[in-house]
There are 2 protein chains.
Amino acid sequence: MTTPAKSLSRRSANSRQQLLKASIESFVTTGYHATTTREIAQKAGLSPAAMYVHFSSKQDLLFELIEHGHHEAYRALADAIQQADGPREALRAAVYAFTEWHATNHRLGRIAQYEFQYLTPENRARIAHIRKAIDASLRTILQDGARTGALSVPNVRLTALAILSLCIDLVRWFPSRMHSDPQEIASNYADIASRMAGI
Amino acid sequence: MTTPAKSLSRRSANSRQQLLKASIESFVTTGYHATTTREIAQKAGLSPAAMYVHFSSKQDLLFELIEHGHHEAYRALADAIQQADGPREALRAAVYAFTEWHATNHRLGRIAQYEFQYLTPENRARIAHIRKAIDASLRTILQDGARTGALSVPNVRLTALAILSLCIDLVRWFPSRMHSDPQEIASNYADIASRMAGI
DNA sequence: GTCTATATGGGGATAGAC
DNA sequence: GTCTATCCCCATATAGAC
């Protein structure tokens with residue numbers, strides 16, 4: 001009992017997803033500016049003009065990708081923290097989840113970080129709150145741990161920054177010949193972060 | 001007693017330096033692909049065609065910058081290690097110097113890391129040995145430290161990777177509102193790296 | 001929603017005079 | 001070594017038919 005309207009909207013949603021998927025491939029390989037809308041359209045199996053039915057511009061496509069990437073990474077982090085018990089476990093769980101997300105989604109993560117600077121200032125501002133929430137999440141864990149003595153952290157702000165920096169920088173090199181298993185690297189990074197927090 | 005030939009070669013060297021300086025500004029702000037050779041030439045006070053006397057292409061300009069950046073960063077690291085005494089001091093000195101270099105030269109460092117992927121495969125290969133030397137330098141310190149017991153490092157390869165990752169990721173965010181002093185961040189990162197190596 | 005055709009502007013690199 | 005002028009190709013985005 002598929003109505004013509006439903007059929008159309010399904011086709012549309014498919015093209016939209018194809019375009020998003022194609023743009024991840026292109027942006028991560030060639031970079032935002034060197035990627036042409038023709039390339040993206042071709043990878044998605046559409047004409048160059050079809051993109052503009054689904055996205056108002058190439059910038060709009062970039063924004064959707066980067067916003068989605070930030071959203072998913074934050075959700076992985078926040079979910080892990082919520083289920084953890086105490087600062088030590090929370091730190092391990094947070095670093096594990098955040099690292100695993102960036103390893104598993106290294107292409108999208110790389111676009112979210114490397115092409116972030118090519119968002120318009122307005123689009124960057126629309127994502128700022130997620131970035132702040134990520135920072136705050138880790139700072140809170142370290143602060144709680146330092147207060148209760150569960151962790152030993154001389155400089156909470158800087159240690160939080162360093163731990164996140166480590167996790168995020170994964171997207172620059174992952175996967176490599178030596179490391180290509182998201183769970184393995186996540187587990188190791190959780191160990192390293194624990195050491196940074198004095199465990 | 002300046003001969004015409006000397007005068008000419010001085011003028012030429014100046015233009016070359018101006019072009020390199022201008023391209024750092026442009027590449028770091030706009031990225032390699034979105035930067036036009038016209039922009040670079042204008043910033044250097046030259047006509048669009050003048051660039052091609054000093055560099056054979058825009059790619060050639062990028063390569064010179066990135067090679068120079070890698071070379072300088074490695075030299076800062078190697079010098080620090082050579083003057084240090086023992087694995088603990090070597091680790092501190094290495095992380096301090098490498099971090100300080102990336103903080104001080106964050107624009108060039110950012111180009112060296114972010115635009116590296118846009119070098120031709122041939123140009124990338126011409127820099128590979130410097131990257132390997134940087135990795136090997138830190139691995140050697142950790143290996144020596146683990147052997148003599150001066151350091152406690154469960155996983156030498158991964159810890160070396162993580163420490164370098166931390167230092168390099170500076171170029172993504174440095175300077176920020178909270179951190180803008182290269183020596184201060186270098187000192188703090190040396191502390192953090194020491195913790196990662198079990199001190 | 002998708003297509004073909006195209007408007008419109010720009011960009012890397014070169015030619016040739018000085 | 002530097003300039004002006006230009007070749008030649010390509011990119012984003014839109015127009016209008018189906």
Side-chain angles (χ1 to χ4, degrees), chain A residues 2-23 25-27 29-66 115 118-120 122-123, chain B residues 2-27 29-66 111 115 118-120 122-123:
Chain A
T2 312
T3 68
K6 260 190 181 171
S7 179
L8 271 179
S9 83
R10 260 231 312 280
R11 281 244 304 280
S12 166
N14 272 342
S15 288
R16 199 187 148 82
Q17 293 308 312
Q18 291 296 325
L19 285 164
L20 286 168
K21 190 180 163 190
S23 65
E25 297 299 315
S26 290
F27 287 163
T29 311
T30 327
Y32 173 68
H33 281 116
T35 297
T36 67
T37 54
R38 282 172 168 80
E39 257 177 66
I40 296 171
Q42 190 174 19
K43 273 203 183 105
L46 295 170
S47 77
M51 195 200 90
Y52 292 90
V53 175
H54 304 280
F55 302 93
S56 64
S57 63
K58 195 170 87 162
Q59 168 73 206
D60 186 35
L61 191 45
L62 180 68
F63 173 74
E64 296 260 329
L65 282 183
I66 294 184
E115 314 296 334
Y118 304 130
L119 289 175
T120 61
E122 295 75 28
N123 282 340
Chain B
T2 312
T3 69
K6 262 190 179 170
S7 179
L8 272 178
S9 85
R10 261 230 314 279
R11 280 241 307 277
S12 166
N14 272 340
S15 289
R16 201 187 146 81
Q17 291 309 311
Q18 292 294 326
L19 284 164
L20 286 168
K21 190 179 164 190
S23 66
I24 290 180
E25 298 300 313
S26 288
F27 287 164
T29 311
T30 326
Y32 173 68
H33 281 116
T35 297
T36 67
T37 54
R38 285 169 167 82
E39 255 177 67
I40 295 171
Q42 189 174 21
K43 273 204 183 104
L46 295 168
S47 77
M51 196 199 90
Y52 292 90
V53 175
H54 303 280
F55 301 93
S56 64
S57 64
K58 195 170 87 161
Q59 168 73 202
D60 185 35
L61 193 44
L62 180 68
F63 173 73
E64 296 260 329
L65 283 183
I66 294 184
I111 293 168
E115 314 296 333
Y118 303 130
L119 289 174
T120 62
E122 295 76 27
N123 281 339

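Note on naming: letters A, B, ... go to the chains in the order of the sequence lines (proteins, then strands), and numbering restarts at 1 for each one. Heavy atoms only: backbone and side chains are in, while hydrogens, waters and symmetry mates are out.
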Please tabulate, for side-chain N and O atoms in residues 41-53 of chain A, each donor-acceptor pair with protein atoms closer than 3.5 Å (sequence neighbours left out).
| unit_1 | atom_1 | unit_2 | atom_2 | d |
| --- | --- | --- | --- | --- |
| K43(A) | NZ | S26(A) | OG | 2.9 |
| S47(A) | OG | A49(A) | N | 3.4 |
| S47(A) | OG | A50(A) | N | 3.4 |

Quiz item: Hey, what do you get for OG1 (T37(B)) to CZ (F55(B)), rounding to the nearest 0.5 Å?
Solution: 13.0 Å

Quiz item: Distance from L20(A) atom CG to H54(A) atom NE2, nearest 0.5 Å?
Solution: 10.0 Å

Practice problem: Indicate the ring-plane relationship of Y32(A) and Y118(A), choosing parallel, tilted or perpendicular according to the 30° and 60° boundaries. | Solution: parallel

Please state how far atom [atom1] in [X] lies from atom [atom2] in [N], giving the value in whole angstrom units.
X	N	atom1	atom2	result
Q42(A)	dC10(D)	CD	P	14 Å
R16(A)	dG1(C)	CZ	P	11 Å
Q17(B)	dG1(D)	CD	P	13 Å
L19(A)	dG1(C)	CG	C1'	12 Å

Exercise. With sequence neighbours excluded, tell me which residues meet salt bridge (Lys or Arg N to Asp or Glu O under 4.0 Å) with E39(A).
Key: none

Self-check item: salt bridge (Lys or Arg N to Asp or Glu O under 4.0 Å) partners for E64(B), two or more places apart
Solution: R16(B)

Quiz item: Is there a side-chain contact between S23(A) and T35(A) (heavy atoms, below 4.5 Å)?
Solution: no

Practice problem: Taking side-chain contact (heavy atoms from CB on, under 4.5 Å) as the test, write out the residues that go with S56(A), two or more places apart. | Solution: D60(A)

Exercise. Enter the inter-axis angle for the ends of the helix from dG1(C)-dC18(D) to dC18(C)-dG1(D) (five pairs per end, rounded to 10°).
Key: 0°

Exercise. Any chance you could list the contact pattern along nucleotides 5-17 of chain C? Use B for base contacts, S for sugar-phosphate-only contacts and - for none, protein heavy atoms under 4.0 Å, 5' to 3'.
Key: -B----BBBBB--

